[in-house]
Number of protein chains: 2
Amino acid sequence: MNTLAEENYLKAIFKLSGKQKASVSTNAIAVELETKASSVTDMIKKLTEKGFVNYQKYNGTSLTKKGHEIAVHIVRKHRLWEVFLVKKLNFQWDEVHDVAEQLEHIKSSKLVEHLDTFLGFPQYDPHGDPIPNKNGEFPKSFSAPLIDLTIGNKGKVVGVSQDNPSFLKYLDKLEIQLGSKIQVIEKVDFDQSIEVKINGKATHISSEVAKNILIKQ
Amino acid sequence: MNTLAEENYLKAIFKLSGKQKASVSTNAIAVELETKASSVTDMIKKLTEKGFVNYQKYNGTSLTKKGHEIAVHIVRKHRLWEVFLVKKLNFQWDEVHDVAEQLEHIKSSKLVEHLDTFLGFPQYDPHGDPIPNKNGEFPKSFSAPLIDLTIGNKGKVVGVSQDNPSFLKYLDKLEIQLGSKIQVIEKVDFDQSIEVKINGKATHISSEVAKNILIKQ
DNA sequence: TACTATTTTTAGACTTATCTAAATTTATTT
DNA sequence: AAATAAATTTAGATAAGTCTAAAAATAGTA
Ligand SMILES: [Mn+2]
Ligand SMILES: [Mn+2]
Ligand SMILES: [Mn+2]
Ligand SMILES: [Mn+2]
């Protein structure tokens, strides 16, 4: 069995390496996990021993097939628990992440599969993130950050690429939810901020926010 | 915040000290937690520092008010999760204990209270064990071990005082569930075993089993 | 290319929780 | 009461995971 620390490292490497499964720097992992680079080096050596990562001194780390499988499985659990908390226990979408960080480490395959069934095999979590199935396959989704939408075009909010509470609460304040219809009215060259209509109402949004809202046209 | 190990020690002391809140020996704790007496001594010192137990060298350990509160709170979580697993996720009663051992350490008071609400404030877990409410109060229950029932008397099964899978599976085989009606037909002096009628059907039960079935008349 | 800055690794230390073996205390027998 | 047995504590060691400080490697710049 893998320890909690090992699982968190694998998840961090998975998150940082993205779809292209790129190699990840020691520092990037340290920042992601709020730890020190020296601690990361130590742990990577252990994960290499276990066959979960490929590692060459001074040259970054990437997941092996085995490491990738573990990471995806933890992501699956994290997102299923988030769905449970919102849909069944009436949590708000900005309250679930930290609890899911704990629940994702519970070890029982029966629990995960029964939870999935109980929830009706959801494909997306409360932040619009795709939930891999039990074979580790993600639903295909075609979304783009709001910032990439051109003037005049419309889209539907299908996700967010951050789940920290202050960002999510701000979206609540702007009345932006999954499913909200957004049209880009104007783009300000100076600071990349944009003027949008949300469900008919005009609002001004910074580029930082627009980068983290995912749109489907 | 308390560590997982600390919580498990407090729970073990709570379990072993019973209603009278008796003092518990170092060895008893070691046996309960499948660890060594020397490890127990170390941890008890730490728990003493934290004000969770009263401890005098060579004289056993008992919970302080604070330690008692923490232990009861963990028991509450354990039993609520067991209810969730059986009632919502269709687990069998002999499959829930080990998963609940993990889930009981999840830290989020909102989670516990919402779970309690979601389950409809259950008073007993799938093994008939009482669930303390959020103030740590247990529902009053008047049950006695089946072995104490005298010949001719009837009762209803309201609980079991063990939750290891092999015992529970054996009860399933005997068709003994919570709610089953049991009447004592005969008591065998030689080995304390008993002849009973369960929902009308005659069966022979060892004293070891009869000790662990809780009856309400 | 040589100097400097940044990144990464190593060395050594610390904490938590555990263990074995030995010492000490308490309990039980003769 | 003395001897023996059992329970408990202490001493010292180990593994996991982390840290700081220093060394080594790589990248960036003059
Ligand atoms: Mn999350
Ligand atoms: Mn999410
Ligand atoms: Mn249990
Ligand atoms: Mn139970």
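Both backbone and side-chain heavy atoms feed into the values below; hydrogens, waters and symmetry mates do not. Letters go in sequence order (proteins before strands), and every chain restarts at 1. No experiment lies behind these values; they were computed from the predicted model shown.
Here B/Gln177 pairs with nothing under the side chain to side chain donor-acceptor pair (under 3.5 Å) rule; sequence neighbours left out. Here A/His127 pairs with nothing under the ring-ring contact (aromatic ring centres under 6.0 Å, His included) rule; sequence neighbours left out.
In this structure, the CG atom of B/Leu47 is 13 Å from the P atom of C/dT16, given to the nearest Å. Following rounding to the nearest Å, A/Ile44 (CD1) and D/dA16 (P) show an atom-to-atom distance of 17 Å. The interatomic distance linking A/Gln56 (CD) with C/dT8 (P) rounds to 15 Å, in whole Å.
A salt bridge links B/Glu101 with B/Lys11; the closest basic N to acidic carboxylate O contact falls under 4.0 Å. A salt bridge is defined here as a Lys NZ or Arg NE, NH1 or NH2 lying under 4.0 Å from an Asp or Glu carboxylate O, and B/Glu6 with B/Lys50 meets this definition.
Panel note: side chain A/Lys66, backbone A/Val53; no donor-acceptor pair is recorded below 3.5 Å. At distances below 3.5 Å, at least one donor-acceptor pair connects side-chain atoms of A/Glu95 with backbone N or O atoms of A/Gln92.
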Check residues 135-146 of chain B and write down every donor-acceptor pair under 3.5 Å in which the side-chain atom is one partner and the other belongs to a residue at least two apart or another chain.
| residue | atom | partner | partner atom | Å |
| --- | --- | --- | --- | --- |
| B/Glu137 | OE1 | B/Asn133 | ND2 | 2.9 |

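Residue B/Asp116 is tested with B/Arg79, B/Lys134, B/Arg76 for a salt bridge (charged side-chain N to carboxylate O under 4.0 Å, His left out); the sole match is B/Arg76. For the side-chain contact (heavy atoms from CB on, under 4.5 Å) criterion with A/Val96, the lone passing option out of A/Val86, A/Asp163, A/Leu168 is A/Val86.
Open room surrounds NZ on A/Lys87; 12 or fewer heavy atoms of other groups in view lie less than 6.0 Å from it. The number of heavy-atom neighbours closer than 6.0 Å to NZ of B/Lys107, taken from other residues, nucleotides and ligands shown, is above 12.
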Inset, instruction - If a protein heavy atom is under 4.0 Å from the base, mark B; if only from the sugar-phosphate, S; if neither, -; do that for nucleotides 22-29 of chain D going 5' to 3'. - result: --BSS---

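Close to D/dT9, at under 4.0 Å from its OP1 or OP2, lies a side-chain N or O of B/Tyr55. Remark: B/Asn27 is in phosphate contact with D/dT8, judged by side-chain N or O atoms under 4.0 Å from OP1 or OP2. Residue B/Thr41 places none of its side-chain N or O atoms closer than 4.0 Å to OP1 or OP2 of D/dT10.
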Legend entry - Which nucleotides of DNA chain C pair, in dot-bracket form (Watson-Crick or G-U under 3.5 Å, | meaning another strand): ||||||||||||||||||||||||||||||

Which protein N or O atoms sit under 3.5 Å from an N or O of nucleotides 18-21 of chain C?
| residue | atom | partner | partner atom | Å |
| --- | --- | --- | --- | --- |
| C/dC19 | OP2 | B/Thr35 | OG1 | 2.5 |
| C/dC19 | OP2 | B/Lys36 | N | 3.2 |
| C/dC19 | OP2 | B/Ser39 | OG | 2.6 |
| C/dT20 | OP2 | B/Lys36 | NZ | 3.1 |
| C/dT20 | O4 | B/Ser38 | OG | 3.0 |

